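Presented below is the structure to which this report refers.
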Amino acid sequence: MHPAGLARPAPPLYLPSMNELSPVRPERQRKPDWIRVKAPTSAGFAETRQLMRRLNLATVCEEAACPNIGECWTKKHATVMILGDVCTRACAFCNVKTGMPRKVDPLEPEHVATAAAEMGLEHIVITSVDRDDLPDGGASQFVKVIEALRRNTPSTTIEILTPDFRNKHEAAVEAIVAARPDVYNHNLETVPRLYPTIRPGARYYASLRLLETVKKLDPTIFTKSGIMLGLGEERLEVHQVMDDMRSADIDFLTMGQYLQPTPKHAKVAEFVTPQAFQAYGAIARAKGFLLVASSPLTRSSYHAGDDFAKMKAAREAKLAKATA
């Protein structure tokens with residue numbers, strides 16, 4: 001019995017009971033078989049790395065220790081990280097270096113466009129470190145990169161993954177939206193309860209408002225956001241994040257397994273099974289997202305080009321159904 005003799009409340013209606021949906025508690029952070037990937041060794045991987053070095057470009061693939069780097073770089077897909085490789089924040093999940101960043105490279109936009117042209121990219125993802133030291137948070141550099149890509153590779157579709165532009169996001173977001181990227185991504189990363197420990201420099205509802213602002217400024221731009229699972233979140237908290245995202249009219253949700261990059265980072269609370277990811281994905285689709293990617297190895301820019309094509313097709317199908 002609860003205090004004051006009250007009966008316990010009835011459990012939620014949705015309670016997965018299959019054994020395979022149970023989380024796997026990590027033993028000494030050992031990864032289960034479904035999260036293991038092969039070390040990259042292909043010629044395509046080496047060529048992509050050499051190109052990034054020659055153009056003095058950073059990638060989130062390397063800096064964030066992405067498990068999919070071998071697959072993506074072999075296919076000559078890379079997520080370029082602008083504004084340097086040093087972040088002004090120290091999130092508990094992120095492997096990017098923290099400290100005082102260098103000056104913004106004025107040649108960076110043209111280098112990104114050159115990389116896109118040489119790799120023959122049909123779709124490119126541009127992200128950045130947090131630059132709280134800059135008056136606009138680095139928004140103007142995003143704009144310059146988009147403009148350089150439009151000039152040099154006009155057929156390449158552009159997806160951006162921005163920081164939250166804390167304390168300056170209205171003007172920053174307006175400038176980027178005016179440059180018209182095809183996809184605007186900003187990750188919520190985790191549930192609100194875990195923000196103080198996992199994402200202490202950010203605010204959950206500010207991130208939601210950022211994406212809502214993008215949609216209000218230009219409804220034709222696809223909006224996208226992602227969260228990591230395995231940080232200690234509860235199932236109903238994940239459902240609430242989905243509802244919050246839909247209230248902000250976010251089109252695309254990604255969900256992937258959090259992996260601890262170094263011993264100093266937040267520990268993995270659980271390895272969420274592939275079956276549980278499938279269940280979360282089914283719920284998200286039922287809530288009305290245009291597209292959902294949910295698996296242990298899903299990352300924000302994983303298969304981004306293919307997913308963009310799927311989003312376009314889903315939107316066209318939705319519009320056709322509405323006008324039929």
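Computed from a predicted structure; not experimentally measured.
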Check whether the side chains of [X] and [Y] place a donor and an acceptor atom closer than 3.5 Å, and report yes or no.
| X | Y | result |
| --- | --- | --- |
| N95 | T262 | no |
| Y195 | T190 | no |
| S207 | H186 | yes |

Quick one, [X] and [Y] - any side-chain contact, counting heavy atoms below 4.5 Å?
| X | Y | answer |
| --- | --- | --- |
| N187 | L161 | yes |
| T156 | H123 | no |
| Y204 | L208 | yes |
| F252 | L290 | no |
| F222 | K312 | yes |
| I124 | E159 | no |
| P296 | P274 | yes |
| N152 | T114 | no |

Q.
Is it true that, when you exclude K310 itself, more than 12 heavy atoms of the residues, nucleotides or ligands shown sit nearer than 6.0 Å to its NZ?
A.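 Not buried by this count: 12 neighbours or fewer within 6.0 Å.
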Which residues share a salt bridge (Lys or Arg N to Asp or Glu O under 4.0 Å) with [X], sequence neighbours left out:
| X | value |
| --- | --- |
| D132 | R89, R166 |
| K144 | none |
| E233 | none |
| R151 | E110 |

Q: Could you tell me which non-hydrogen atom of V268 sits nearest to which non-hydrogen atom of L259, and how far apart they are?
A: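 Closest approach of V268 to L259, heavy atoms only: CG2-CA, 4.2 Å.
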Q: Quick one: closest heavy-atom pair of S225 and M245, and the distance?
A: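 Taking every non-hydrogen atom into account, OG-CE, 3.6 Å.
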Q.
Per the salt bridge (Lys or Arg N to Asp or Glu O under 4.0 Å) rule, what does the pair list look like for residues 179-201, sequence neighbours excluded?
A.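 Every salt bridge (Lys or Arg N to Asp or Glu O under 4.0 Å) pair that includes a residue of residues 179-201, provided the two are not neighbours, is R150-D182, R180-D218, R193-E237.
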Sequence neighbours excluded and cut-off under 3.5 Å, please list the side-chain donor-acceptor pairs for residues 315-324, or say none.
from, atom 1, to, atom 2, distance (Å)
R315, NH1, T220, O, 3.0
T323, OG1, L319, O, 3.0
T323, OG1, A320, O, 3.2

Q.
Do the side chains of D136 and K168 get close enough for a salt bridge, i.e. N-O under 4.0 angstrom?
A.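 K168 and D136: not salt-bridged.
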**Q.** F289 six-ring centre to R246 NZ/CZ under 6.0 Å and within 45° of normal
**A.**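 R246 over F289 ring: yes.
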Q.
Taking side-chain contact (heavy atoms from CB on, under 4.5 Å) as the criterion, tell me which of N185, V183, I176 meets it with I160.
A.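 Filter result, single survivor: I176.
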